[in-house]
There are 2 protein chains.
Amino acid sequence: MSEPGSDTREAAETASGGTRRPRGSDAQVDDRSTAARLIETAAALFRRKGYAASTTRELAELLGIQKASLYYHMSGKDDLLVTICHESLRRITDQVREVAESGPAESRLANVIERHVVTALHDRDMHAVMLIELRALPVERRTSVIERRDQYQHLLHELIESEQKAGRIRADIETKYLTLSLLNLLNWTIFWFDPEGDMAPQELGRTLATIFVEGARSRP
Amino acid sequence: MSEPGSDTREAAETASGGTRRPRGSDAQVDDRSTAARLIETAAALFRRKGYAASTTRELAELLGIQKASLYYHMSGKDDLLVTICHESLRRITDQVREVAESGPAESRLANVIERHVVTALHDRDMHAVMLIELRALPVERRTSVIERRDQYQHLLHELIESEQKAGRIRADIETKYLTLSLLNLLNWTIFWFDPEGDMAPQELGRTLATIFVEGARSRP
DNA sequence: GTCTATACTTCGATAGAC
DNA sequence: GTCTATCGAAGTATAGAC
């Protein structure tokens, strides 16, 4: 399995001109260029404080530059948010589509759920901001993000529908509500998942897949 | 079943002194006193725009008063948020505990899920704000809310654990993760539920209970 | 219980030098 | 690509009259 999003990170590094600031002994510091760190830093800040409560001042400080310098890399604060949303949706769509179209049909749904969880948690900050901060966007800029989000959800809807037709998923609940239930099960995870905790993303993905497909009831 | 929260609304009305402003033909307007409308109006605003992006100006406008007049009813903006969080948790805890302690043990979990959904959607704005805007609270004021939230979640944890011991819920997944999965299934609902839609809260509650307990798999 | 007026702070963004 | 300096707008909250 290719690591989700690693391509983009490298692309940003290359595109930025690769300005590196050697720092001697301080090995902990992220020495990638400002352009390369901007989106990730903004996503982490937005997730922690919320978009509206995050200030360009704090973002600049986290990046180690003056706030005026931010505007060389972005056109405005909401530009960052749009970029985060689109990038997050691009990544998860790519990743999930990959497994949705391969392997034995019987295991596709479980594989999709697992891949979704792994990808969403790999891009945790970006993904959370995309899910929660959409309302902070001016309406004009919101629609393009909503379109891509609906497009992704449509992918899940289609998969569940085909599973219903194949008789593997119950047909007594509308596809729409099965899809929404699955999204419930997946999306709230970003609020509590702890990377330092005792369950790895992949294992959590399998657990959620089990609960969605088989339920919580004990069986002989 | 008693209607969740209706008691509080009446209490607020009474406590405010019951100032009523007759308005002639305009029957659509909420003519309860400012004090009675404040929390609900604030919750609706906070949910739509987010706490940080909501201004006292807009809140005052929605209430039909000047922004300075708000401070007769509250000590500050974050005072409103604390009140909303506590009230929302008080209501759902009361409602859910009621069904968690009555009726046949076999149907308690499903009843709890249904009651949770009905209550959370009845108090939709307050409940959503409580779930999402906690991070907007100054840390000192956050802890008391977190305590009550954890207390509520503990109630669900205990119920699931007892169901596991009774052999009705699978024991091969830790109680902790079964509880978190259930909270996933419940909490994200506030992001998409449409009161004008084709599924009533109670029916949705039963559907989510079915998916959690039985899963999505079709069975003979 | 609501008003007008305003104090004080912080925000996003720009101008222009280096 | 980053800096210093600053602008204008918008925020929360308070003072004091009615």
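Below, chains carry the letters A, B, ... as their sequence lines are ordered, and counting in each starts from 1.
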Looking only at D:dT2, D:dT4, C:dT2, the nucleotide nearest the B:Thr34 side chain is C:dT2
By ring-ring contact (aromatic ring centres under 6.0 Å, His included), A:Phe193 pairs with (sequence neighbours left out) none
Residue pairs passing the salt bridge (charged side-chain N to carboxylate O under 4.0 Å, His left out) test with at least one member in residues 145-156 of chain B, sequence neighbours excluded, are none
Sorted by chain and residue number, the side-chain hydrogen bond (donor to acceptor under 3.5 Å, both in side chains) partners of B:Arg135 (sequence neighbours excluded) come out as A:Glu133
For atom [atom1] of [X] and atom [atom2] of [N], their distance in whole Å:
| X | N | atom1 | atom2 | value |
| --- | --- | --- | --- | --- |
| B:Gln66 | D:dG11 | CD | P | 15 Å |
| B:Leu70 | C:dG1 | CG | C1' | 12 Å |
| A:Asp31 | D:dG1 | CG | P | 16 Å |
| A:Ile65 | D:dT4 | CD1 | C1' | 14 Å |
| B:Tyr72 | D:dA13 | OH | P | 19 Å |
| B:His73 | D:dT14 | NE2 | P | 15 Å |

So the side-chain hydrogen bond (donor to acceptor under 3.5 Å, both in side chains) pairs with at least one residue in residues 50-63 of chain A (sequence neighbours excluded) are A:Arg48-A:Glu58, A:Lys49-A:Glu58
Ring pair (Phe, Tyr, Trp, His ring centres under 6.0 Å) pairs touching residues 52-96 of chain B, sequence neighbours excluded, are none
Protein heavy-atom contacts under 4.0 Å, written 5' to 3' over nucleotides 5-18 of chain C as B (base), S (sugar-phosphate only) or - (none), form the string BB----BBBBB---
Check your understanding: Can we say B:Glu40 and B:Arg37 salt-bridge, meaning some charged N sits less than 4.0 Å from an Asp/Glu carboxylate O?
Key -> no
For this session: Look at the side-chain N and O atoms of A:Ser69 and state whether any lies under 4.0 Å from the OP1 or OP2 oxygen of D:dG1.
Result: no
